[in-house]
Amino acid sequence: MTGLFEQIYAKVREIPAGKVTTYGEIARVLGLKDVRKVGYALHANKDGATPCHRVVNREGKLAANFAIDGVEEQRRRLESEGVAVDDDRVELSQFGWRWS
DNA sequence: AAAGTGACGCATT
DNA sequence: TAATGCGCCACTT
């Protein structure tokens with residue numbers, strides 16, 4: 001298990017509870033030019049080892065094909081951490097997390 | 001080894 | 001805000 005996926009997982013694990021980040025942010029921090037690989041990586045990660053529910057797209061919208069148990073499960077996990085989810089979206093200006 | 005696949009982002013309409 | 005189209009590249013088969 002060595003590769004880009006692991007790098008992505010490592011970053012996702014750095015996200016603190018109650019915060020969310022975007023695919024683009026992760027791609028940017030890793031120096032990637034293609035954000036799709038980030039989503040691709042998380043899709044492959046059905047394992048609960050990574051808090052993938054804290055990753056949303058640029059609009060703060062939840063992934064339609066969340067691998068664990070769909071968007072409802074993702075929304076549930078976020079709300080349980082204190083993140084307000086409205087119409088499958090989160091307010092990035094308030095809950096968004098970013099690396100420097 | 002070549003082709004297929006895809007939790008997205010951005011510009012444009 | 002939503003809908004379309006294109007770019008871009010690691011991973012799987």
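Residue numbering restarts at 1 for every chain, and letters A, B, ... go by the order of the sequence lines.
For the pair A:L4 CG and C:dC9 P, the interatomic distance rounds to 12 Å; values are reported in whole Å. One interatomic measurement links the two molecules: CZ of A:F5 to P of B:dG6, which rounds to 12 Å at whole-angstrom precision. Whole-Å rounding puts the A:L32 CG to C:dC11 C1' distance at 14 Å. Here C:dT1 presents its P atom at 11 Å from CG of A:D86, a figure rounded to the nearest Å. Between the P atom of C:dT12 and the OH atom of A:Y40 lies a distance of 7 Å, rounded to the nearest Å. Going from atom NE2 of A:H43 over to atom C1' of C:dT12 covers 13 Å, rounded to whole Å. When the P atom of B:dA7 is taken as reference, atom OH of A:Y9 falls 13 Å away, rounded to whole Å. Per the geometry, CG belonging to A:L42 stands 13 Å off P belonging to C:dC11, to the nearest Å.
With respect to A:E79 and A:R76, no salt bridge is recorded, no charged nitrogen being found less than 4.0 Å from a carboxylate O. Using a cutoff of 4.0 Å between basic side-chain nitrogens and carboxylate oxygens, A:R77 and A:E81 are not scored as salt-bridged.
The two residues A:V85 and A:R75 make their nearest non-hydrogen contact at CG1-CG, 3.5 Å. Nearest heavy atom pair, residue A:V29 against residue A:K11, reads CG1-CE, 3.6 Å.
Within 6.0 Å of CG in A:D86 there are 12 or fewer heavy atoms belonging to other residues, nucleotides or ligands.
With hydrogens and angles left out, the side-chain atoms of A:E14 and A:W99 include a donor and acceptor closer than 3.5 Å.
At a threshold of 4.0 angstrom between heavy atoms, the contacts of A:R54 with the nucleic acid are absent. No engagement by A:A44 is indicated, since no non-hydrogen atom pair under 4.0 Å with the nucleic acid exists.
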Treating primed atoms plus P, OP1 and OP2 as sugar-phosphate and everything else as base, which nucleotides of nucleotides 8-13 of chain B get B, S or - for protein heavy atoms under 4.0 Å? BSS---

